[in-house]
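Reviewing the structure listed below.
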Amino acid sequence: MKKLTGVAHGHNGTIKYEIDMDGNRIDDLQVLSHAETSGIFDQVIGKLKESVIEQQSFDVDAISGATVMTKSILDSAKQVINDEHIQLDSKPKKHQDNRLKRLTTDVLVIGGGEAGLVSACRALAEGRDVILVEKNGYMGGATILNGSNVVATGSNVAARVLGKNGDSPARLAADVSRECNDTNILELTNLMATNIGAAIDFISDFAGLDYQKAQTQTPEHSVERQVELPSSSSYEFIQKVTAAFKEKGGQVLLGTRVEDMLINSAGVVRGVIAATQGATYRIKANSVVLASGGFGANQRMRGSESVGLDYYGPMTSTGDAYSFNKALNLKSHDLGWYKVYPHGVEVEPGIAKLTTYASKKATDMGAVYVNQNGQRIVNESDVYTKLRDAVLKQPGKVAYLLMDKRTWNEFYSLLVLHDFEEDEIKQFFAQKDKRPYFVKGSLREVATTVGIDPAQLQITVDEYNAAAKAGVDQKFNRGKQYLHQYEGDEYYLVEQRDRFATTLGGYSVQADNMQLVTTTGQPVANYYAAGEVVGGANGHDSAPSMMNSWGISSGYVAGKAASDNAVNHQQQVSRHFVGIVGTNAEHSYNRKLLYAMQDLFEDDAEIDIHEVRGIPMFDEGIADQLPEEIQRLQTAIEQSDGVIIATPEYDHSIPAALKSVLEWLSSSIHPLKGKKVMIVGTSLGVQGTVRAQMNLRQILDCPGVDAKVMPGNEYMLPHAADAFDDNEAIKDAGSVSFLKECFANFMTFTKEEN
Ligand SMILES: Cc1cc2nc3c(=O)[nH]c(=O)nc-3n(C[C@H](O)[C@H](O)[C@H](O)COP(=O)(O)OP(=O)(O)OC[C@H]3O[C@@H](n4cnc5c(N)ncnc54)[C@H](O)[C@@H]3O)c2cc1C
């Protein structure tokens with residue numbers, strides 16, 4: 001066994017890894033150290049390793065949402081292998097054309113952050129089939145980056161970990177309103193305040209979460225009501241809730257990006273179109289929950305209020321929803337509002353890294369903030385919002401942290417501990433004429449480098465030193481314990497900007513059920529939303545823990561509303577049919593025909609489409625050992641109001657694969673006995689499937705099957721290759737009208753007594 005080591009460059013720094021080679025075989029890929037966000041890294045590296053080992057190659061796909069990190073490992077590993085002159089015995093994955101895959105579900109959730117997960121779990125717990133699609137190759141979105149702190153007002157969890165604290169939904173709502181200066185939409189704040197307790201209890205029970213009293217209880221909350229998970233990380237939330245969701249039957253599609261909405265001819269939302277590697281999903285759903293997060297990473301969407309602010313959230317918060325929802329004319333509000341914090345360094349244009357730990361330490365040690373005029377701007381040791389607002393008022397919305405060497409040393413070690421690389425900082429010092437400014441030298445030198453008047457800066461430092469010596473800061477009333485004179489004659493000046501990660505504006509919803517509304521205020525049928533994509537509950541400035549509280553409570557409400565809506569839909573459609581695709585071909589026009597019927601008649605009937613593809617050939621010797629697919633088909637047929645079979649014609653009869661399935665369904669079991677059946681078919685020619693349909697009637701009529709085939713109707717769709725449009729609907733109006741007539745007859749036929 002040979003061990004090869006390599007170094008890749010991720011988002012936050014170097015990734016050291018080791019490749020274990022057994023001759024020319026990759027045996028293992030292990031990461032020795034990294035500085036990436038653990039929650040994301042841990043999910044991503046496992047997948048990467050799996051495909052590398054399976055394909056015995058580093059020429060595998062990078063993982064969406066973590067492309068920089070995974071591509072860097074792959075590129076670097078390829079180089080290591082090349083340098084060693086190793087010829088890998090690769091087994092490249094077969095390249096697949098962009099296949100169309102169809103899925104149907106009760107509730108579809110867009111987004112795998114906290115809001116999407118809670119809504120998905122709630123709908124699942126209500127008994128619905130739920131699919132969650134997530135564009136990244138990992139779960140968690142922005143959620144995974146936070147500390148899991150949330151309020152627990154009104155929950156059993158609060159009663160257990162906080163005791164009687166005098167909290168109430170009304171008190172929470174009042175705190176939220178006060179903190180955002182009443183800019184919130186009160187109905188949404190109330191929805192959050194009255195549901196967060198039940199939501200926390202629900203998700204704790206669902207996923208076995210063990211919330212505890214949060215270590216930090218912030219003063220924005222008038223009572224101690226904040227709780228957090230033992231790890232103080234939402235990664236724990238994402239991991240446990242995703243695992244519970246899947247274990248209880250929920251389906252997660254990772255690396256699957258919603259690109260369009262399925263909207264029927266009446267303008268009603270019926271599902272989504274989503275892209276994944278090598279395939280496009282067309283997912284039909286009775287209800288859709290939009291939980292796709294914020295849009296801070298989309299520079300084009302940022303409003304005027306964000307000018308001069310840098311973004312430090314996940315680069316995947318790109319506001320896709322505002323593109324794929326365009327046709328729906330959804331109402332949105334306050335898209336220019338951001339949750340702004342101080343303590344940022346602009347590391348790339350518009351992108352910040354936060355320096356909170358380092359900056360706080362520096363001001364604790366006496367450092368001051370000065371503006372471009374060389375003047376102090378604030379009591380540096382006051383609450384962060386004061387510093388934030390003071391920086392926003394400065395020319396260029398920029399301030400500088402002025403430190404002596406002793407303070408810089410502490411500042412530096414905290415930067416390196418939290419996300420900054422030593423080389424990166426060296427580079428900042430080297431590029432003197434470029435932002436971000438990191439400069440050192442005499443007071444005059446640091447001032448002139450960044451364009452501050454040195455004389456004014458000297459006055460500021462002298463005044464401050466005098467205040468520190470006296471122990472009284474008359475200018476800003478800074479606490480005595482934070483007043484320390486500058487030592488030595490070497491100074492460090494570091495640029496500081498405000499930053500944001502969370503967008504506070506978003507779509508508008510109905511405040512009772514989180515249903516999205518149009519610009520004219522009409523609720524959009526079947527469409528709900530939750531989390532950061534919906535604006536308003538926290539107004540213009542969310543208090544600590546309140547975005548998590550919004551994501552979890554709104555997801556809880558949206559999940560229930562989506563579930564109820566799906567049930568209503570099922571109750572409204574009067575007939576439930578099973579559709580059988582009568583061929584095992586991967587590409588089939590008869591499959592298209594059935595899906596076109598599913599869309600065309602969705603208001604009247606539900607057509608649950610089953611495949612014969614992949615079902616083992618009937619074998620009389622094991623007729624009682626039913627394959628799982630046959631058992632599922634049996635149950636579906638027994639519970640249905642009728643069956644629609646779409647058959648092609650092979651050699652004047654039905655395909656062998658369909659015949660085989662009918663043999664399974666008529667040997668040891670007989671679910672088709674007395675069942676009403678409609679036969680349809682499409683073929684490349686003018687009147688293909690005539691003989692196959694006659695043949696099928698004959699088979700369905702035999703004693704073992706004994707189905708009731710609708711008489712007097714034969715639906716045949718000619719010229720199949722040209723019969724469907726891009727949305728897979730039947731193009732020809734005459735054919736649609738004839739199909740409607742036949743289907744109406746079938747609806748009547750299935751309602752008649754046998
Ligand atoms: C660094 C950081 C720290 C924070 N700290 C706190 C805190 O301490 N307390 C607090 O209350 N809040 C905090 N927040 C805010 C809070 O994390 C978010 O507001 C909240 O997690 C949003 O949850 P969400 O489920 O709405 O969105 P997200 O968690 O962002 O999830 C949305 C998901 O939708 C997916 N998606 C987007 N488009 C598509 C598409 N087209 N198809 C499929 N999937 C798609 C995204 O990939 C993402 O995974 C913090 C945010 C950040 C970035």
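Computed from heavy atoms alone, side chains included, the values below leave out hydrogens, waters and symmetry copies. Whatever order the structure lists ligands and atoms in, that order sets their numbers, starting from 1.
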Quiz item: So does Lys47 have more than 12 non-hydrogen atoms from other groups sitting under 6.0 Å from NZ?
Solution: yes
Self-check item: Protein residues that have a heavy atom under 4.0 Å from any atom of ligand 1, sorted by chain and number
Solution: Ile110, Gly111, Gly112, Gly113, Glu114, Ala115, Val133, Glu134, Lys135, Asn136, Gly140, Gly141, Ala142, Thr143, Leu145, Asn146, Asn149, Thr256, Arg257, Val258, Ala291, Ser292, Gly293, Tyr312, Gly313, Pro314, Asp320, Phe324, Ala501, Thr502, Gly531, Glu532, Ser545, Met546, Met547, Asn548
Quiz item: Would you call Ile144 and Met139 a side-chain contact if the rule is heavy atoms closer than 4.5 Å?
Solution: no
Quiz item: Is the shortest heavy-atom distance from the side chain of Val272 to the side chain of Phe324 under 4.5 Å?
Solution: no
Exercise. Grab the two heavy atoms, one from Phe206 and one from Cys121, that are nearest each other, plus how far apart they are.
Key: CE2-SG, 3.3 Å
Exercise. For Lys326, look at atom NZ and say whether over 12 heavy atoms of other residues, nucleotides or ligands are found less than 6.0 Å away.
Key: no
Quiz item: With a 4.0 Å cut-off, would you call Asp320 and Lys135 a salt bridge?
Solution: yes
